[in-house]
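Here, residue 1 is the first one in the sequence, and each next residue gets the next number. All figures in this text were calculated on a predicted structure; none of them were measured in a lab.
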Amino acid sequence: MTDQGVAPERTDLAWQRTGLGILGAAGLLAHRALISDRAVFLVAAGVVALAGLAVLGGLAPVRYRRLTRGVAAGARVVAPRALGVLTGLVVLTAVVAAAAILTPG
């Protein structure tokens, strides 16, 4: 059985890793934009970078605070909307990255 006291920290670290992964993909897209000299990749990199920053600066801290309060109160904390938003951002990143890879140039 896992210690419930570390659950908020583990969840926060997972959200941070996801945000950093999205930012890493944005960096690769920006590199592709510079190599191919196509502005559309630079715009895509900016959109993906904003998504990564939204996870790191917005979603992750809010989720951490809610989870910490919920665990302290002994309640089960479920966030289907936050998980849906995060999933959407990761899928958006994957689609944009795939389009950048498959586009000749």
Residues in side-chain contact (heavy atoms from CB on, under 4.5 Å) contact with Ala97, at least two apart in sequence or another chain: none

Between Ala30 and Ala45, the two heavy atoms sitting closest are N-CB, 3.5 Å

If you round to the nearest 0.5 Å, how far is CG of Leu28 from OG1 of Thr93? 11.5 Å

Please give me the minimum heavy-atom distance between Ala51 and Leu89, naming the atom from each residue. CB-CD2, 3.6 Å

Write down the atom of Ala26, the atom of Ala49, and the distance for their closest heavy-atom approach. CB-N, 3.5 Å

Going by side-chain contact (heavy atoms from CB on, under 4.5 Å), name the residues that satisfy it together with Ala60, two or more places apart in sequence or in a different chain. Asp12, Trp15

Honestly curious: do Val96 and Val90 fall in one hydrophobic cluster under the side-chain, below-4.5 Å linking rule? yes

Apart from Leu53 itself, which Ile, Leu, Val, Met, Phe, Trp or Tyr residues share its cluster (side-chain heavy atoms under 4.5 Å, direct or through members)? Leu20, Leu23, Leu56

On a heavy-atom basis, the closest approach of Pro8 and Leu67 is CA-CD2, 3.4 Å

Find out if a path of hydrophobic residues (ILVMFWY) with successive side-chain heavy-atom gaps under 4.5 Å connects Leu59 to Val47. yes

How long is the span from the CG atom in Leu13 to the OG1 atom in Thr18, to the nearest 0.5 Å? 10.5 Å

Indicate if Phe41 and Leu92 have the same hydrophobic cluster label, given that clusters are the connected sets of ILVMFWY residues with side-chain heavy-atom separations under 4.5 angstrom. no

Between Tyr64 and Glu9, is any pair of side-chain heavy atoms under 4.5 Å apart? yes

Interatomic spacing from CZ in Arg63 to CG in Leu83 - rounded to 0.5 Å: 8.5 Å

